[in-house]
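Scroll down for the structure; my scribbles are underneath it.
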Amino acid sequence: MTKMRSHYSGNLSVAELGQTVSLCGWVHRRRDHGGVIFVDLRDREGTVQVVCDPDIPAMFSTAETLRNEFCVRIEGLVRRRPEGTENTTLKSGQIEILCKAVQVLNPSVTPPFQLDDENLSETTRLTHRVLDLRRPQMQKNMMLRYKVAMTIRRFLDGNGFIDVETPMLTKSTPEGARDYLVPSRVNAGMFFALPQSPQLFKQLLMVAGFDKYYQITKCFRDEDLRADRQPEFTQVDIETSFMDEQEIRDLFEGMIREVFQQTIGVELSDPFPVMQYKDAMFLYGSDKPDLRINMQFTELTDVMKTVDFKVFSGAANMEGGRVVGLCVPNGAEISRSEIDAYTTFVAIYGAKGLAWIKVNDAAKGREGLQSPIVKNLNDEAIAEILKRTGAKNGDLIFFGADKAKVVNDAIGGLRLKIGHSDFGKRSGLMTEGWRPLWVIDFPMFEFDEEGDRWVACHHPFTSPQDGHEDWLESNAGACIAKAYDMVLNGWELGGGSVRIHREEVQSKVFRALKIDEEEAQAKFGFLLDALKYGAPPHGGLAFGLDRIVTMMAGAESIRDVIAFPKTQRAQCLLTHAPSPVDEKQLRELHIRQRATEIK
């Protein structure tokens, strides 16, 4: 009995010459060349050219009816393409199929767009996602995602990790973003939460003795969305006991190196460079610096304390203030209109303006500079600016002056924008390639001025550095965490920490966060109780699978590597979710909607 399909179209090559094959797929394109019909047959592995000659009337008659996206089965002979007609971009490009029989498995109405149209709006693509997923690039993206996940699984299995599922319906706990809540029908007035991460459960698994756990799992966060965020996303979640921070980082650095090598043939550096958080913020204003961009901050806070220019001196003398310079080599090419556009850009981050100096002739000092602010700076400050930035003739220096967070965000964002611009690439400010990095030694806490309290930088289960546990209640701002992020080309691929495994230290952290004993017991009592039963030292990390695949695929958004994603308004245009539910369902869930709440 003949198989319905003997080969995938895109996998055929000269190795199958002379064989009769049976193929199934979709008509990607049909061309009638004066009595001979050519069909490009597409499946998930690619396309192959099928030649339909009129010497088999029944087959040819069916071939004449074919249109784009018809689902068909074809039987034919594999033969070489005529010399000069080969397609070197396809694996099947040296051969074609001489069709012997064609069967329409299912015709198709006219698609709403051509699958090879590269100018489709995202709304059109997501509304017709099933057809969008047929496009070759989307097929490649999804196959890459599968290969990445399988490489991760093989690596972890080979290193003794076991896959353990954790609950999707769990308890609402504060972990940074809003929870998605699920009302309970059988427990009136009670709610489950969808997990923001399996953090607490994987710690409990360590206490339970499963000392190497992993899971490729969905996580949920009800937050404002961007290109690299989704309300539901996939996390490679990993935890291990009896390994210190260095051992954990070494192991999973090796995993990511293997994933890149085996899936896209990229050799990442060995070892990854390591940078302390404080140095990343000092040099780049970011805890995930893109090292491909060859520009760094120049610290000028001390220089500006006594200048007459109040914008600079005010920030320099402000508690928590900062003044930095960003020297752009050959930046004198940047026009005034572009500078104005950059000024508008930094305002997004709260910057009140963007001061600048063009260096026409550094040797002339003040006289060799072009800027509206030079007149407000003394000669000593100007000389120090030029010395520290190393500015040369033709360079442009941008300045940030404000609270440190505003400066870091604004000038850090400006650095990325210039580096990724056509000017940045043309001027060599942006180096292509893959630049991984570990950022370590994060602060345990950051101060929330609005709430007048310390909040955890990562999460409240992160262990302080040895000896810093004594400062948790007396000097929380000085505490450094055993936390680490893996960064690649300005994206955080994953992050984690060594966890707190002693109940008394965890309780100190809660007190530092102004979580009293009653609240801690109500929200985390199950964890605190578990830590009392000989909890082992443990730690781990989580990688964003969507982000990893997005970078590998060179996609613009993680929506391009997720089969059925949500829009930036957290909506599914394909299924029209979220959607209203009927009154009966709401009554069963003990929920009543107010008319004023329905938009």
Side-chain angles (χ1 to χ4, degrees), residues 160-162 164 166 170-171 173-176 195-215 237-252 276-277 440-447 453-485 494-542:
F161 286 79
I162 61 172
V164 183
T166 53
T170 184
K171 182 182 177 67
T173 57
E175 292 185 56
Q196 294 188 30
S197 81
Q199 179 63 50
L200 296 175
F201 286 107
K202 66 182 180 182
Q203 289 192 249
L204 294 174
L205 286 169
M206 295 302 102
V207 180
F210 298 95
D211 53 5
K212 288 186 174 181
Y213 142 94
Y214 86 96
Q215 190 180 185
D237 199 56
I238 312 169
E239 197 80 2
T240 182
S241 299
F242 309 116
M243 293 178 72
D244 63 24
E245 177 182 342
Q246 188 65 54
E247 290 176 299
I248 293 171
R249 286 199 281 113
D250 288 347
L251 180 63
F252 296 111
Q276 288 192 320
Y277 169 87
I440 65 170
D441 294 347
F442 283 79
M444 278 282 288
F445 310 105
E446 56 188 357
F447 195 72
R453 61 196 289 265
W454 292 103
V455 295
C457 283
H458 277 67
H459 53 65
F461 317 110
T462 300
S463 175
Q465 295 281 5
D466 295 341
H468 290 206
E469 64 272 12
D470 297 331
W471 304 343
L472 288 169
E473 296 177 85
S474 61
N475 190 12
C479 294
I480 302 299
K482 293 181 179 179
Y484 35 84
D485 282 358
S497 65
V498 173
R499 321 303 185 190
I500 297 168
H501 70 284
R502 297 175 65 92
E503 186 272 337
E504 67 270 20
V505 177
Q506 185 65 74
S507 294
K508 283 184 179 180
V509 170
F510 285 153
R511 288 196 291 273
L513 297 172
K514 293 187 177 179
I515 299 175
D516 62 30
E517 188 172 339
E518 182 178 352
E519 182 183 2
Q521 193 63 36
K523 291 180 176 178
F524 307 107
F526 57 94
L527 174 66
L528 294 173
D529 290 345
L531 294 180
K532 297 174 182 177
Y533 294 101
H538 60 282
L541 74 173

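Note that the structure is predicted; figures quoted are calculated from it, not measured.
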Task: Leu527 side, atom CG; Gln521 side, atom CD - distance, nearest 0.5 Å - done: 10.5 Å
Open item on the list: Whether the side chain of Tyr484 engages the backbone of Gly495 through a donor-acceptor N/O pair (distance < 3.5 Å, no angle test) should be reported.
Closed with: no
TODO: Rounded to the nearest 0.5 Å, what's the gap from CD1 on Ile480 to OH on Tyr277? Could you check?
DONE: 9.5 Å
Open item on the list: Testing the 3.5 Å rule here: is there a donor-acceptor pair between the side chains of Gln203 and Gln199?
Closed with: yes
TODO: Assess whether side chain to side chain contact (heavy atoms under 4.5 Å, CB included) is satisfied between Leu472 and Val505, documenting all intermediate values.
DONE: CA-CA 9 Å; Leu472 288 169; Val505 177; 4.3 Å; yes
Open item on the list: Between Ile162 and Val164, is the side chain to side chain contact (heavy atoms under 4.5 Å, CB included) condition met? List the steps.
Closed with: CA-CA 6 Å; Ile162 61 172; Val164 183; 3.9 Å; yes
Task: Closest contact, heavy atoms only, Met444 versus Ala481 - done: SD-CB, 3.5 Å
Task: Contact summary for Ala530 and Leu204, nearest pair of heavy atoms - done: CB-CD2, 3.6 Å
Task: Rounded distance [0.5 Å steps], OH in Tyr214 versus NZ in Lys202 - done: 14.5 Å
Open item on the list: With a sphere of 6.0 Å drawn around CD of Glu517, does it hold more than 12 non-hydrogen atoms of other residues, nucleotides or ligands?
Closed with: no
- [ ] Could you pull out the closest heavy-atom pair between Cys457 and Glu446, with the gap in Å?
- [x] SG-N, 3.7 Å
Task: Nearest heavy atoms of Pro460 and Leu513, plus distance in Å - done: CB-CD1, 3.6 Å
Open item on the list: If I take atom CG from residue Asp244 and atom NE2 from residue His538, how far apart are they, to the nearest 0.5 angstrom?
Closed with: 14.5 Å
- [ ] Give a yes or no answer on whether the side chain of Thr462 reaches the backbone of Arg499 with a donor-acceptor pair at less than 3.5 Å.
- [x] no
- [ ] First locate atom CG of Asn475, then atom CG of Asp470, and finally report the distance between them rounded to the nearest 0.5 Å.
- [x] 11.5 Å
- [ ] Taking the side chain as every heavy atom from C-beta outward, state whether Pro464 and Ile500 have any pair of such atoms under 4.5 Å apart.
- [x] yes
Open item on the list: Under a 3.5 Å distance rule, please check whether Glu239 uses its side chain to pair with a backbone N or O of Met206 as donor and acceptor.
Closed with: no
- [ ] With rounding to the nearest 0.5 Å, note down the distance linking CZ in Phe201 to OG1 in Thr170.
- [x] 3.5 Å
Task: side chain to side chain contact (heavy atoms under 4.5 Å, CB included) evaluation trace for Glu245 with Ile440 - done: CA-CA 10 Å; Glu245 177 182 342; Ile440 65 170; 4.1 Å; yes
TODO: Output yes when Glu469 and Arg502 qualify as a salt bridge under the 4.0 Å nitrogen-oxygen rule, no when they do not.
DONE: no
Open item on the list: Could you report the tightest heavy-atom contact between Trp471 and Ala478, atom names first, then the distance?
Closed with: CZ3-O, 3.6 Å
TODO: Indicate yes or no: at least one non-hydrogen side-chain atom of Phe524 is less than 4.5 angstrom from one of Gln506.
DONE: no
Open item on the list: Does this structure show an ion pair linking Lys532 with Glu503, if we count only N-O contacts that are shorter than 4.0 Å?
Closed with: no
Task: Heavy-atom pair of closest approach, residues Asp466 and Lys482 - done: OD1-NZ, 2.8 Å
- [ ] Could you tell me how the ring of Phe510 sits relative to the ring of Phe461: parallel (under 30°), tilted (30 to 60°) or perpendicular (over 60°)?
- [x] perpendicular
Open item on the list: What verdict does the side chain to side chain contact (heavy atoms under 4.5 Å, CB included) test give for Ser497 and His459, after you've listed the backbone C-alpha separation in whole Å, the side-chain angles of each residue and the deciding distance to 0.1 Å?
Closed with: CA-CA 9 Å; Ser497 65; His459 53 65; 4.0 Å; yes
